[in-house]
Amino acid sequence: MFQAILTDKLREAGLSLTERQLEQLSIYYERLVARNQHVNLTALTAPEDVAVKHMIDSFLAYRKEVFIPGAAVCDVGTGAGFPGLALKIFQPDLNVTLMDSLAKRLAFLQEVIDELQLTAVRVCHMRAEDAGRAAAHREKYDVVTARAVARLSVLAEYALPLVKVGGYFVAMKGPKYEEELSDAAQALQKLGGRLAAVVPASLPGLDDGRAILYIQKIAPCASTYPRRAGLPEKKPL
């Protein structure tokens, strides 16, 4: 049932996937709903909700000029794997790191990765503020994605220190994105980011004013950023 619903909604969104991708996404859905009974992964479990509001929503973040072939992608606050794991299935050549502070979520994602036999995808148990100061992660990614993590003024300090100069921070935002952009203008400037594009995103059956923000990293972050865990949220730039 889920695969049929997903196929229908993909058609409405103007997208198409291979049979293998559809099969992988169906397994992902089944495992998500089963594990959600024991671990809080998502408030949405109905087939159409997961197909549209999680999976297709994730796919709409993809732009080929941003997600270049083989791009190193870090999904900050990945949660149940959206958009990071969904994008990996959608564009298999991506090299994806799924980053989250909760080990139970990452354990679920690792099980899905193993079952789907995906390569070039790993889980990382870290807070973004810590990763941004670690040599293994600081300015190492072509693209950093984030969805439903924090307001842009806070999220920018989590994400931009991880992005290579020339790379992109991709923020998936709801109807208040213009207000968030205005509030985050100073933070983006301090962190070496510049708004490159705002792309309205329309999901099948929904018209709620969401948009994808593409912020290019044009200069290195000062060594003072990100600040220690908790400060970005308490005192946004």
Side-chain angles (χ1 to χ4, degrees), residues 1-3 5-7 9-10 13 15 17 20-62 67 73-92 94-128 131 141 143-151 154-155 158-159 162 169-174 201 203-206 208 210 212:
M1 180 179 69
F2 177 78
Q3 188 164 323
I5 291 171
L6 178 60
T7 301
K9 294 301 177 182
L10 284 165
L15 300 170
L17 296 175
R20 175 59 179 154
Q21 288 170 314
L22 291 169
E23 179 185 348
Q24 289 176 321
L25 291 166
S26 295
I27 293 171
Y28 185 6
Y29 167 74
E30 291 166 5
R31 301 298 176 265
L32 173 66
V33 172
R35 182 58 65 86
N36 201 60
Q37 295 177 25
H38 309 287
V39 178
N40 183 22
L41 296 169
T42 176
L44 304 175
T45 57
E48 184 170 326
D49 283 342
V50 175
V52 174
K53 297 178 182 178
H54 280 334
M55 293 181 177
I56 293 175
D57 187 43
S58 296
F59 303 155
L60 293 182
Y62 179 82
F67 293 85
V73 179
C74 182
D75 187 26
V76 169
T78 190
F82 304 109
L85 186 54
L87 282 168
K88 171 64 181 178
I89 294 170
F90 183 79
Q91 186 64 27
L94 298 176
N95 191 327
V96 176
T97 296
L98 304 172
M99 185 176 290
D100 204 274
S101 61
L102 293 181
K104 288 182 179 180
R105 293 173 182 166
L106 296 175
F108 159 72
L109 292 173
Q110 187 62 61
E111 289 176 11
V112 174
I113 291 164
D114 292 343
E115 183 169 0
L116 299 183
Q117 299 182 331
L118 299 174
T119 59
V121 56
R122 62 173 177 163
V123 300
C124 179
H125 185 209
M126 290 186 81
R127 295 179 66 101
Y141 296 97
V143 185
V144 172
T145 56
R147 174 179 181 262
V149 173
R151 286 183 61 82
V154 175
L155 191 55
Y158 296 160
L162 299 168
F169 162 36
V170 179
M172 305 172 70
K173 286 295 176 182
L203 296 173
L206 296 174
D208 54 4
R210 67 186 64 204
I212 315 295

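Each residue takes its place number in the sequence, starting with 1.
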Rounded to the nearest 0.5 Å, what's the gap from CD on E30 to CG on L25? Could you check?
11.0 Å
With sequence neighbours left out, write down each residue that passes side chain to side chain contact (heavy atoms under 4.5 Å, CB included) with V112, or none if nothing qualifies.
Y28, R31, L85, F108, L116
Atom CG in L22, atom CZ in R20: separation rounded to 0.5 Å?
11.0 Å
Looking only at atom types and distance, does a side-chain atom of Y29 sit under 3.5 Å from a main-chain N or O of Q24, one as donor and one as acceptor?
no
Cut-off 3.5 Å, side chains only: do T145 and D75 have a donor facing an acceptor?
yes
The test is side chain to side chain contact (heavy atoms under 4.5 Å, CB included); show your working for V144 and Y158 and say whether it passes.
CA-CA 10 Å; V144 172; Y158 296 160; over 6 Å; no
Would you compute the distance between atom CD of Q37 and atom CG of L32 and round it to the nearest 0.5 angstrom?
11.0 Å
Do other residues, nucleotides or ligands put more than 12 heavy atoms under 6.0 Å from the CD atom of Q3?
yes
Under 3.5 Å, sequence neighbours excluded: what are the donor-acceptor pairs made by side chains of residues 51-60?
residue, atom, partner, partner atom, Å
H54, ND1, R147, NH1, 3.4
H54, ND1, R147, NH2, 3.1
H54, NE2, T42, OG1, 2.8
D57, OD1, R210, NH1, 3.2
D57, OD2, R147, NE, 2.9
D57, OD2, R147, NH2, 3.3
D57, OD2, R210, NH1, 3.4
S58, OG, H54, O, 2.7

Closer than 3.5 angstrom, by distance alone: can the side chain of K88 be matched with the main-chain N or O of T97 as a donor-acceptor pair?
no
Working for side chain to side chain contact (heavy atoms under 4.5 Å, CB included), residues M99 and T78:
CA-CA 6 Å; M99 185 176 290; T78 190; 5.9 Å; no
Find the distance between NZ (K104) and NE2 (H38) and round it off to the nearest 0.5 Å.
11.5 Å
Go through the steps for L106 and Q110 under the test side chain to side chain contact (heavy atoms under 4.5 Å, CB included), then give the verdict.
CA-CA 6 Å; L106 296 175; Q110 187 62 61; over 6 Å; no
Rounded to the nearest 0.5 Å, how far does CG of L15 lie from NZ of K9?
13.0 Å
Hey, is the main chain of I89 close enough, under 3.5 Å, to the side chain of Q21 for a donor-acceptor pair?
yes
Can you measure from CZ (F67) to CG (L94) and round to the nearest 0.5 angstrom?
7.0 Å
